[in-house]
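One structure is given below, encoded as structure tokens.
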Amino acid sequence: QVQLVESGGGLVQAGGSLRLSCAASGRTFSTYGMGWFRQAPGKEREFVAAIKWSGSSTLYADSVKGRLTISKDNAKNTVYLQMNSVKPEDTAVYYCAAARSGYYGSTWQDYDYWGQGTQVTVSS
């Protein structure tokens, strides 16, 4: 079993930056693929970014490419989402997710464990 705890959310002005963290419990974190998803009010949860278990490969939604960066620190059991040049449409609850397979997919079905989410609000 893996527990995921997100942090770092908050209120930020458009054009600003924010870094989300997701701390994971468990000794096998280094073998897990990790992803970030988000859900805005009234909308379905959508894929944001994912990273392979080794950190050697990443995947991004088109809407965030060039602005958001996912990274993974296996020594700290933590995955990060660096958010730069944020836009009001980035406002959502952000969730991290872990995949036992080590895969880094873009659909929620690829993941086995989920955090509780952290709110990000971007003001215009």
Check the surroundings of atom CD in Gln13: do more than 12 heavy atoms from other residues, nucleotides or ligands lie under 6.0 Å from it? no

With no hydrogens and no angle check, is any side-chain donor or acceptor of Arg67 less than 3.5 Å from a backbone partner on Ser85? yes

Over all heavy atoms of both residues, which pair between Pro88 and Ser124 is shortest? Give the atoms and the distance, please. CG-CB, 3.9 Å

Is the backbone N or O of Gly117 less than 3.5 Å from a side-chain atom of Glu6, with the two atoms forming a donor-acceptor pair by type? yes

Asp73 and Thr78: side-chain donor and acceptor closer than 3.5 Å? no

Can you check whether Arg45's main-chain N or O pairs, donor with acceptor, with Tyr95's side chain at less than 3.5 Å? no

Is it true that atom CH2 of Trp108 has more than 12 heavy atoms of other residues, nucleotides or ligands lying nearer than 6.0 Å? no

Is the number of heavy atoms from other residues, nucleotides or ligands under 6.0 Å of Gln109 CD greater than 12? yes

Less than 4.5 Å apart, side chain to side chain, heavy atoms only: is that true for Gln82 and Ser71? no

For the residue pair Leu59 and Lys52, establish whether any side-chain heavy-atom pair is separated by less than 4.5 Å. no

Please confirm whether Arg19 makes a cation-pi placement over Tyr80, using NZ or CZ under 6.0 Å from the six-membered ring centre and within 45° of the ring normal. yes

Minimal non-hydrogen separation, Asp112 against Ser101, with atom names: OD2-N, 4.4 Å

Should the pair Arg100 and Trp53 be classed as cation-pi, given the thresholds of under 6.0 Å to the six-membered ring centre and 45° from the axis? no

Report, as yes or no, whether the 6.0 Å neighbourhood of atom CD on Gln119 holds more than 12 heavy atoms from other residues, nucleotides or ligands. yes

When hydrophobic residues are tied together by side-chain contacts of less than 4.5 Å, even through go-betweens, does Phe47 share a cluster with Ile70? no

Mind checking whether Trp114 and Phe37 have side chains closer than 4.5 Å, heavy atoms only? yes

Can you tell me how far the CD atom of Glu89 sits from the OG atom of Ser63, to the nearest 0.5 Å? 8.5 Å

Just wondering, more than 12 heavy atoms not from Gln3 lying within 6.0 Å of its CD? no

Let me see the working for Thr91 and Val120 under side chain to side chain contact (heavy atoms under 4.5 Å, CB included), right down to the final yes or no. CA-CA 5 Å; Thr91 295; Val120 172; 5.9 Å; no

Do you know which of Leu68, Ile51, Val64, Thr69 makes side chain to side chain contact (heavy atoms under 4.5 Å, CB included) with Leu81? Leu68

Within a strict 4.5 Å, meaning less than it, do heavy atoms of the Asn74 and Phe29 side chains meet? yes

Does the pair Met83 and Leu20 meet the rule for a side chain to side chain contact (heavy atoms under 4.5 Å, CB included), with working shown? CA-CA 8 Å; Met83 305 176 67; Leu20 306 184; 4.0 Å; yes

Below 30° counts as parallel, above 60° as perpendicular, anything between as tilted: where do the rings of Tyr32 and Tyr113 land? parallel

Run the side chain to side chain contact (heavy atoms under 4.5 Å, CB included) check on Trp36 and Cys22 step by step: do they pass? CA-CA 9 Å; Trp36 285 96; Cys22 174; 3.8 Å; yes

d(Lys76 NZ, Ser21 OG) to nearest 0.5 Å is 9.5 Å

State whether Lys87 and Asp90 are salt-bridged, where the test is any N-O pair (Lys NZ or Arg NE/NH1/NH2 against Asp/Glu carboxylate O) under 4.0 Å. no

Could you go step by step and tell me if Val12 and Ser17 meet the side chain to side chain contact (heavy atoms under 4.5 Å, CB included) rule? CA-CA 7 Å; Val12 60; Ser17 297; over 6 Å; no

